[in-house]
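Note that this is a predicted model, so its numbers are computed, not measured.
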Amino acid sequence: MTRKITTAAEVLSDIIIQGLQEKKGNSITRMDLRNVNGAITDYFVICTGTSDRHVQALAESVEEVVRKDLQDKPISREGTQKGEWVLLDYVDVVVHIFLSDKRRFYDIEGLWGDAEFEEIEA
């Protein structure tokens, strides 16, 4: 019987997803980039918020659960002032939280189409 080995990046992405779900994030997608040529991280976690305040609340929730569960914080935070696209960089996992029009415009999923995608239930 083979046992699936869980990496630290997988655990981190699971906790990030929990933080997004706690604040009712929409259209959560985990992208596994470990086998993609030129990828700068192991995972992207992408989510959509309904307003700039919702996007900001989602980012705060992610930071709170990761800090509480793993005593970790992002090495970089971008976009928290405007709340249209917030990026949280945890090195092995990069979180993108978008307003829906910004998510369609930047099309991260299309840019990294070679990744394995997992749509997360709300």
Apply side-chain contact (heavy atoms from CB on, under 4.5 Å) to Ala39 and list each qualifying residue two or more places apart in sequence or on a separate chain.
Leu33, Val36, Trp112
Report the residues that fulfil side-chain contact (heavy atoms from CB on, under 4.5 Å) with Asp107, sequence neighbours left out, ordered by chain and then residue number.
Glu109
Can you name the nearest heavy-atom pair linking [X] to [Y], along with the distance?
{"X": "His54", "Y": "Gly49", "answer": "ND1-CA, 3.3 Å"}
{"X": "Gly19", "Y": "Ser61", "answer": "O-OG, 2.7 Å"}
{"X": "Thr48", "Y": "Leu58", "answer": "O-CD1, 4.1 Å"}

Sequence-distant partners of [X], side chain to side chain donor-acceptor pair (under 3.5 Å), two or more places apart:
{"X": "Gln71", "answer": "none"}
{"X": "Gln18", "answer": "none"}
{"X": "Ser51", "answer": "none"}
{"X": "Gln56", "answer": "none"}

Using the salt bridge (Lys or Arg N to Asp or Glu O under 4.0 Å) rule, collect all pairs that involve residues 55-74, keeping only residues at least two apart or in two chains.
Glu63-Arg77
Only pairs at least two apart or in different chains count here, so list each salt bridge (Lys or Arg N to Asp or Glu O under 4.0 Å) that has a residue in residues 19-32.
Asp14-Arg30, Arg30-Glu118, Asp32-Arg34
Spacing of CE belonging to Met31 relative to OG1 belonging to Thr41, to within rounding of 0.5 Å:
11.0 Å
What's the spacing between Leu70 CG and Ile16 CD1 if we round to 0.5 Å?
8.5 Å
Joint cluster assignment, Leu20 & Phe98, ILVMFWY side-chain distance < 4.5 Å:
no
Given the rule that I, L, V, M, F, W and Y join up when any side-chain heavy atoms are under 4.5 Å apart, are Ile28 and Ile108 in one cluster?
no
Neighbour count above 12 (heavy atom, 6.0 Å) for Phe105 CZ
no
Show every donor-acceptor pair shorter than 3.5 Å between a side-chain atom in residues 82-97 and any protein atom, with sequence neighbours excluded, or say none if there are none.
{"residue": "Trp85", "atom": "NE1", "partner": "His96", "partner atom": "ND1", "Å": "3.2"}
{"residue": "Asp89", "atom": "OD1", "partner": "Val91", "partner atom": "N", "Å": "2.7"}

Between Thr80 and Glu78, does any side-chain donor sit less than 3.5 Å from a side-chain acceptor?
no
